Each structure stands twice: as C-alpha cells, then as structure tokens.
There are 2 protein chains.
Amino acid sequence: MARTQGSHSQITGPRVREAALKLFAKHGFAAVSMRQIATEVGVQAGALYNYTPDKQALLFSLMKGHMDELLEAWTSLAQTGTPLERLERFVLFHIRFHLARPEAVFISYMELRNLDRPNFEVIEGLRRDYENALEDILRAGRAEGLFDVADSKIATLAVIAMLTGVTTWYRSGGRLSEDEVARNYWDMVRKAVSA
Amino acid sequence: MARTQGSHSQITGPRVREAALKLFAKHGFAAVSMRQIATEVGVQAGALYNYTPDKQALLFSLMKGHMDELLEAWTSLAQTGTPLERLERFVLFHIRFHLARPEAVFISYMELRNLDRPNFEVIEGLRRDYENALEDILRAGRAEGLFDVADSKIATLAVIAMLTGVTTWYRSGGRLSEDEVARNYWDMVRKAVSA
DNA sequence: GTCTATACAGGGATAGAC
DNA sequence: GTCTATCCCTGTATAGAC
C-alpha cells in the first residue's frame, strides 16, 4: 500500500517542537498562539494536536527535555579529581552547555510560572538535582579546607545565577570567544569560593 | 458643587498600578487581562482607560518607574571612599533595594520582550546607566591595583547577575536575615574581584 | 496526517448613559 | 469617573472530510 498522502509525522513532530521553542523564547509562552506555531511549521493549527495534547504539554515537554539533557550531560562527565578540578569542570560545562542552547535556557528560566502545578514540581525537582550537584562539590571542597564559603547553599545559587547570566549578553562573533568568556568566569568563581 | 459621585481618581490611579504590578509579576504581562486588573481594583474594565491609554503603556510606566527609582536611589547615596568601599556600598544597596520590591524587579527582568521598540530602548538605556555605575567602580579599583578583573564589563554583568539572583530564592523569615545574606554575597564579590 | 470549518471563550479597547 | 454594553479580533481546541 502506498503511504497516506501528506503523512510526515517523523518530520513534522520535531518541527513543531523547534518552532515552539523558537517562538516561546522570543515572545513568551503566553504571547504565542498555536496558530503562530502552525504557521511557522507550515501546517494548520488543528494539525498541531496530532503532536501534542495541548499547549501546556508542549511547554512542559520542551522544558523537561532540556532539564533531562542538562542532567544527563553533566552526569556523563567524569566526576573525578579534587573539588577544585570538579568545580572548574562544572563552570566550564555550565557555560558551554547553556551558550549552546540559549532558547531552551531562556524558556526554562522564564516560563516556570506558566507550568501547571504538577508539571512545575517535576521541573523544580530536576533544577534542584542540578543545584545539588554543584553544592556537593562546594561542600566537599569546604570539608577539605580548599574552599571558604560561609554558606554552601547560597554560594551554589550565587554561582549558578552568575554563570547563567552569560546567556543574556553573550553573542558569538563578539569581542571575546566562548572559551575566553568561560575562563574569565572561572577566574571569578575560583577566587570567590577559595580559602 | 458636590463632587461627582464615584470620583476617586486620586485613589484608583495608584491602585491600578499596584494591581497591575502584582498580577504582571505573578502571571506575566501577556497572561494578564485588563479585566483581571479591573477586578483586582474593584472597577469595570473600561474604567482602567481613564488611567492608562493602553496595556502597553501601563507596563512601560511600571518599568520606567522602577528604573528611575533605582537610579535615583543609587545616585542619592554618597559616592565617596575607596573603590572597595564603594563596591561594598553598591553590593549592599543592590541587594537591599531589590529585595524590597521583588515584584517590580521580576517584571523589569522578565517583561523586556513585551515592550514595544521605543519603550524597550528607554528601559535598556536606564539599565545600561546602572551597569555603568558599577563598571566605573570596578575600573577605578583596577586602576589603583586594588582589583584584579580580567574584563570589567564581564565582571560587572557577572556581579549584577549574581546579586539579582537573590530575589529568586530569598524569603523573609527564612534561615538567614537580609543582612546576613547581603554580607554573604559581599564576601563572595569582594574575593571574586580582589587582587 | 492534514485540511477546512467552526464552536466557544476570552482578549483589548471604545461609546454613550449616568 | 464609572458603569453597561458592545465591537471586533484572536485564543484553544475539536469534528469530520479527504
């Protein structure tokens, strides 16, 4: 039997997610209509519902995918070495990972309030898992006398906020390369937590 | 002549702004309707247009008011002392000011993309003015050999991102007082930029 | 799997009575 | 200054033809 005419599920599905990612990042979840997403994909609005039960699920799927990818990328890295080495690895990883997908990062930080309660709690849990990865490093370094942080939880949040901020201004092709920027941040983080 | 019945412009005007501030911060500009704002104030939707030409102007007014207040509060502080003293003053000021008005802060960082072009440029200009205040301090300290920052612009953005992040997690009545938190951040900033 | 058509709710904003 | 009523548009989501 010939394929049904106009059947593109393997292509259209990912394209719906890409279009939603792009538009949500640019205009915000609440400001983007299903019609806009459909136009971007090149289908009619009704067709989107073959790929997502509703708009909320589409947002959640994007955020969940991003957090899963983040955690998996981090845990796949070797966790060996001194706390200082592990911290350096974290800083460079965080900047590289986040600069590589600015749209997903933006959505994951900005659209939390548009998740319904159960979805929010899932994402919050994953975010906390990631924060704990950094806090473990800081605590280990403090236990060894390498680091001097008055409060490891605050230091964790401060470092992550500082590093994530890079996504709001960095543009490739600018004054500094990604590596130079990452080195620069690493200098500041290292000094901030060192004994 | 008796006053027109139901005339409350001096009261309702501020209440419209307060309601909008609260609702925009909680749900996001795009997700909040004029009807919701009206309900919060206790008037009908049409009555709001006595106080703002449209929804966009209401958002801009809130953000502009916040940025003006921020810059005025900072410039009204004495700018004397060594760069180290001035930096400490900036850090403590920034945290105190931002923790005192979490809703305005949230809106001013999250709703930039919902400003139309001319309004966006005004707010961006004010934001840059504020960043420049910090960068001037860092440059002065570097010139005197007090600070060791590889790039004063990056250090500026890193410090502001780190400090502003406090508004995403701090809740009064928590484990640490506002002053303890501010001292904690100041320790990290001082070490991060010191020679 | 995608289309057209449409249901139904809610959006911003305005007009005119009071 | 606020109200009611309303215009007109756009939103999400679904139904049924192809």
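Within every chain, numbering begins at 1; the chains are lettered A, B, ... in the order of the sequence lines, protein sequences first and strands thereafter. Hydrogens, waters and symmetry mates are skipped; everything else that's a heavy atom, side chains included, is used. All of these numbers come straight from a predicted model, not from anything done at the bench.
With sequence neighbours left out, the ring pair (Phe, Tyr, Trp, His ring centres under 6.0 Å) criterion links A/W74 to A/F90, A/F93.
Applying the side-chain hydrogen bond (donor to acceptor under 3.5 Å, both in side chains) test to every pair with at least one member in residues 52-62 of chain A, sequence neighbours left out, gives these pairs: A/R17-A/S61, A/Q56-A/N119.
Remark: side-chain polar atoms of A/Q79 are paired, donor with acceptor, to backbone N or O of A/L77 under 3.5 angstrom. Side-chain atoms of A/N50 come within 3.5 Å of backbone atoms of A/A47 as a donor-acceptor pair (strictly under, hydrogens ignored).
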*asked:* Using a 4.0 Å heavy-atom cut-off to protein, can you give one letter per nucleotide of nucleotides 8-15 of chain D, 5' to 3': B if the base is in contact, S if only the sugar-phosphate is, - if neither?
replied: ---BBBB-
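In this structure, B/T12 does not reach the D/dG1 phosphate: none of its side-chain N or O atoms is under 4.0 Å from OP1 or OP2. Distances shown here put every side-chain N or O of B/Q44 at or beyond 4.0 Å from the OP1 or OP2 atom of D/dT2.
Residue B/K191 places its NZ atom among more than 12 non-hydrogen atoms of other residues, nucleotides or ligands, all under 6.0 Å distant.
One can place CG of A/N50 at 16 Å from P of D/dG16, the figure rounded to the nearest angstrom. Residue B/Y51 contributes atom OH, which lies 17 Å from atom P of C/dA13 at whole-angstrom precision.
Side chains of A/Y170 and A/H98: a donor-acceptor N/O pair is absent below 3.5 angstrom, by distance only.
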